[in-house]
Amino acid sequence: MEGKLYLYNTLSRTKVEFKPIKPPFVGMYVCGPTVYGDAHLGHARPAITFDLLFRTLTALGYKVRYVRNITDVGHLEHDADEGEDKIAKKARLEQLEPMEVAQYYTNRYHHAMEKLNVLPPSIEPHASGHIPEQIKFVEKILDAGYAYISEGSVYFDVEKYNQKFHYGKLSGRNIEELLETTRELDGQTEKRRSIDFALWKKAAPEHIMRWESPWSDGFPGWHMECSAMATKYLGEEFDIHGGGMDLMFPHHECEIAQSTAALGHESVHYWVHNNMITINGQKMGKSLGNFITLDEFFNGTSHKNAEGKELIEKAYSPMTIRFFILQAHYRGTLDFSNEALQSAEKGLARLMEAYARLGKLTASDTTTVDVKDLRKKCEEAILDDLNTPIVISNLFEAAKAINTVADGKGKISKEDLEELRSTYKLFVEDILGLQVADSGNNGKLDSYKKAVDLLLNIRLEAKQNKDWATSDKIRNELTALGFNIKDKKDGFEWDL
RNA sequence: GGUACCUUGGCCGAGUGGUGAGGCACCAGUCUGCAAAACUGGGUACUGCAGUUCGAUUCUGCAAGGUACCUCCA
């Protein structure tokens, strides 16, 4: 694929042409999960959005280094937890090593991502494995004069930073406003200003996860790992930084401040943020307790909300979830509902059936269906800030043409057929990352398929003999077993 | 309270200053022994009010409703 990619840059609040610093190389950093719980539907959104971007960049010929971190050092909690490390807290509850908990959820995250056909990133650094880098980064900020030490902790001096740089440029906030609205939080007394944030935090005695540093036994601040690890693997300046919109402030704002203070210049050229998934119009999030985990979707596990009402009516395949997410633009909210998910499921099935039929079409000498500009239309859509809904709508338009030809009501030339196949392959599989079902090609599966074909051929013979009783019996019983039988002009199609 | 954003047909969701993206659901027709599938046709949606305009769903203003961020969150 060729062409200019336009991306919405949160920094400028406009769509801009994507120009890498050093083509053909592209560096992309995306905020990954905090591994102290199962991934929920909300986590699937950035994973799929940036997987899509990764795939699109790759299809454009870029050599992408995609870094997605694992946050396994935990961060401060509010309320009664008084700065207790999240992972440590869970570890004590379950009598597990903190790293055991982190590993457990990391594995589960990986499994869920694999099911969603999310490609693994090039590098997946763990925060806990980069403590020295983070300490060095804090030292740089101290040396530059934008941080101060207070009772074993190190804080970023936002006000001082703002005198030379612009704190709030990403999220559109100004300091005066923040000073008025920030609440009382833990560590307030140690900090000079409420808006200052921790770069290194001294650990309380009961805090299990801790590391040595020049200032105290403690742990890195909320935003430190991303600055340190992005710099380590992508350099002082890199192309794209992604994450959920809810991370814009304070997380990404603080990251910009930290990196700029330490390096003397900004790091990220394009900030890309995906919007939230909502449920009943409200953000699905850990703190709201209204989330549904990916495993629950995949297994159809019962999930009751606070009022005891079932949130999911049935199991949804990973590809349904992926398709559901891709049917909306990444910058818009996407509302979860069973109805929406079930319509996505059916739509996906229709699209994939057309794709399967496409593989079986035979070419004619002429073309009577309109498939001309499919590739061009899909390319324009994906290059326009990853407009997957438009890509999909174009694929559906082409699906009609495919079905028409498959029904024998239209013709397609060899040239057009090949073009259509390669376009479908590129967009359905390579870019949207929609997996073709039962691509498995082992002997057992083959025998099983042949057995079903055999039954249906017997039915075909019965039909030719107008033996409707036998014909219907075969169809009805196969249907009862979960098969879908579709009669064609001179044959049949089936799936499970 | 501050800041930003959103409001599209039964549902989900694109998009545009002027011939109704697409999916799901629904209705009718074609095909079929029947069914399913497929194809074809069917609905004049753009929160309300006012303004700009030859013309607004699209621009401006006001109003109503909703959401996000300001605190860990994807």
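Just the heavy atoms: all of them, side chains too, but no hydrogens, waters or symmetry mates, feed the values below. In this text, all values refer to a predicted model and were calculated from it rather than measured experimentally. Naming convention: chains lettered A, B, ... in sequence-line order (proteins, then strands); numbering from 1 in each chain.
- On the P atoms, B:U58 is 16 Å away from B:G15, given to the nearest whole Å.
- Remark: C1' of B:C70 and CG of A:Asn174 are 12 Å apart, rounded to the nearest angstrom.
- Whole-Å rounding puts the A:Asp472 CG to B:U32 P distance at 17 Å.
- Listed nucleotides B:C34, B:G33, B:C12 differ in distance to A:Trp468; the shortest reach to its side chain belongs to B:G33.
- The nearest heavy atom of RNA chain B to A:Arg459 and to A:Asn387 marks one nucleotide each, and the one closer to the 5' end goes with A:Asn387.
- Of the possible donor and acceptor atoms, one in the side chain of A:Asn403 sits under 3.5 Å from a partner among the backbone N and O of A:Ala399.
- In this structure, A:Asp38 atom CG and B:C73 atom C1' are separated by 16 Å, rounded to whole Å.
- Counting distance only, with no hydrogens placed and no angle test, the side-chain atoms of A:Asp487 and the base atoms of B:C34 include a donor-acceptor pair under 3.5 Å.
- The partner of B:G41, taking Watson-Crick or G-U wobble pairs whose two distances both stay under 3.5 Å, is B:C27.
- A:His130 contributes a side-chain N or O that, together with a main-chain N or O of A:His126, makes up a donor-acceptor pair within less than 3.5 Å.
- Atom P of nucleotide B:A14 and atom CG of A:Leu326 are separated by 12 Å, given to the nearest angstrom.
- Taking atom CG of residue A:Leu334 and atom C1' of nucleotide B:C12, one finds them 8 Å apart after rounding to whole Å.
- The side chain of A:Thr404 sits closest to B:C39 out of B:C39, B:A74, B:A38.
- A salt bridge does not link A:Arg193 to A:Asp157: none of the charged side-chain nitrogens sits closer than 4.0 Å to a carboxylate oxygen.
- Between A:Phe197 and A:His223, the distance from one ring center to the other falls under 6.0 angstrom.
- Listed nucleotides B:G23, B:G13, B:C24 differ in distance to A:Gln327; the shortest reach to its side chain belongs to B:G23.
- You'll find that the side chain of A:Arg173 is closest to B:C69, out of B:C69, B:C73, B:G33.
- If you measure from atom CG of A:Leu41 to atom P of B:C12, you get 16 Å, rounded to the nearest angstrom.
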